[in-house]
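Taking it in order: structure first as structure tokens, then the write-up.
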Amino acid sequence: MGLSEVNVTVNGRARHGATESRRSLADFLRDELGLTGTHLGCEHGVCGACTVLLDGEAVRSCLVLAVQAEGSEITTVEGLETDGVMHPVQEAAWECHSFQCGFCTPGFLMSMVGYLNENPDGGTRTEIREYLSGNICRCSGYETIVDAVVRAAGGAR
């Protein structure tokens with residue numbers, strides 16, 4: 001099987017790699033580009049651990065083929081902090097003690113950013129819960145994760 005060239009912008013940097021056409025974006029990011037912050041849990045799109053932003057939209061990178069991302073802009077959890085300063089979502093998650101074991105953390109953070117991109121005012125706690133329902137935290141820290149989204153949005157609900 002031949003390899004396909006993939007040119008993407010990841011975390012603001014042009015990246016290039018060759019991959020089999022059947023390879024997932026998650027595997028491409030981790031194995032080809034060395035961005036291991038994107039975690040793989042179920043590999044069926046159920047757990048959300050592999051969530052990244054693809055052209056600004058939160059997607060399960062285990063369900064996207066790397067070749068489908070050709071020419072796209074991708075943000076992974078590694079791209080959230082800038083010059084040593086945490087992204088507001090990271091800061092809020094830290095302040096709210098939102099994560100326990102940390103396996104789900106990258107996917108949740110990227111979903112939180114995706115949610116706030118779509119709902120800059122933060123929306124309601126019910127709307128936040130519904131949006132994040134596609135991410136699974138086996139440690140069950142859901143309430144503090146919702147607290148973090150509210151805090152990152154600047155709300156006090």
Side-chain heavy atoms nearer than 4.5 Å, only ILVMFWY residues, links allowed to pass through others: does that put Leu29 and Phe103 together? no

All heavy atoms of Ala148 vs all of Ala92, minimum pair found to be O-CB, 3.3 Å

So SG of Cys139 and CZ of Phe99: to nearest 0.5 Å the spacing works out to 10.5 Å

Could you walk me through whether Asn119 and Glu127 pass the side-chain contact (heavy atoms from CB on, under 4.5 Å) check? CA-CA 10 Å; Asn119 305 282; Glu127 291 167 334; 5.6 Å; no

N/O donor-acceptor pair under 3.5 Å between Tyr131 side chain and Met112 backbone: no

The reported gap from OG1 in Thr76 to CG in Leu35 (rounded to nearest 0.5 angstrom) is 5.0 Å

The test is side-chain contact (heavy atoms from CB on, under 4.5 Å); show your working for Leu80 and Val89 and say whether it passes. CA-CA 9 Å; Leu80 290 183; Val89 165; 5.5 Å; no

- With a 4.5 Å limit on heavy-atom distance, are the side chains of Leu53 and Asn117 in contact? yes

The test is side-chain contact (heavy atoms from CB on, under 4.5 Å); show your working for Gln68 and Leu25 and say whether it passes. CA-CA 8 Å; Gln68 292 176 299; Leu25 178 59; over 6 Å; no

Between Arg129 and Val146, the two heavy atoms sitting closest are CG-CG2, 3.8 Å

Point to revise | Flag if over 12 foreign heavy atoms under 6.0 Å of CD, Glu130 | key: no

| said: Would Glu81 and Glu91 count as a side-chain contact (heavy atoms from CB on, under 4.5 Å) here? Give the steps. | reply: CA-CA 10 Å; Glu81 75 70 40; Glu91 184 80 25; over 6 Å; no

Keeping the roles fixed (side chain from Glu20, backbone from Leu3), state whether a donor-acceptor pair exists under 3.5 Å.
-> no

Here the pair of heavy atoms bringing Cys47 nearest to Gly41 is SG-CA, 3.7 Å

task = Give a yes or no answer on whether the side chain of Ser98 reaches the backbone of Thr144 with a donor-acceptor pair at less than 3.5 Å.
result = yes

Q. Does His39 reach the main-chain N or O of Ala49 with its side chain, forming a donor-acceptor pair under 3.5 Å?
A. no

> Between Thr51 and Arg60, does any side-chain donor sit less than 3.5 Å from a side-chain acceptor?
Replying inline: yes

### Heavy-atom donor-acceptor pair, Arg151 side chain to Glu95 backbone, under 3.5 Å
no

- Message: Can you confirm whether Val67 sits close enough to Arg22 that some side-chain heavy atom of one is under 4.5 Å from a side-chain heavy atom of the other?
- Response: no

**Message:** Within the 4.5 Å heavy-atom criterion, are His87 and Val113 side-chain neighbours or not?
**Reply:** yes

Note: Asn7 and Glu70 closest approach over all heavy atoms is N-OE1, 2.7 Å

Rounded to the nearest 0.5 angstrom, the CE-CG distance for Met86 and Leu109 is 10.5 Å

One should read off an interatomic distance between Phe28 CZ and Ile74 CD1, to the nearest 0.5 angstrom, of 7.5 Å

For the residue pair Phe108 and Tyr142, categorise the inter-ring angle as parallel (less than 30°), tilted (30 to 60°) or perpendicular (more than 60°).
perpendicular

For Ala26 and Cys62 the tightest heavy-atom approach is CB-N, 4.0 Å

When rounded to the nearest 0.5 Å, the distance separating CD1 of Ile145 from OG of Ser111 is 10.0 Å

In short, Val52 meets Ser61 closest at the heavy-atom pair CG2-CB, 3.9 Å

Exercise for review: Please examine the side chains of Asn11 and Thr75, heavy atoms only from C-beta on, and report whether any two atoms are closer than 4.5 Å.
Suggested key: yes

Point to revise | Hphob cluster co-occupancy, Met110 + Val8, side-chain heavy atoms under 4.5 angstrom | key: no

So salt bridge (Lys or Arg N to Asp or Glu O under 4.0 Å) across residues 37-56, not counting sequence neighbours, yields none

Are Val10 and Val77 in one and the same hydrophobic cluster, where Ile, Leu, Val, Met, Phe, Trp and Tyr link if side-chain heavy atoms are under 4.5 Å apart?
no

One should read off an interatomic distance between Leu132 CG and Tyr115 OH, to the nearest 0.5 angstrom, of 8.0 Å

Exercise for review: Compare all side-chain heavy atoms of Leu40 with those of Asp27 and state whether any distance is below 4.5 angstrom.
Suggested key: yes

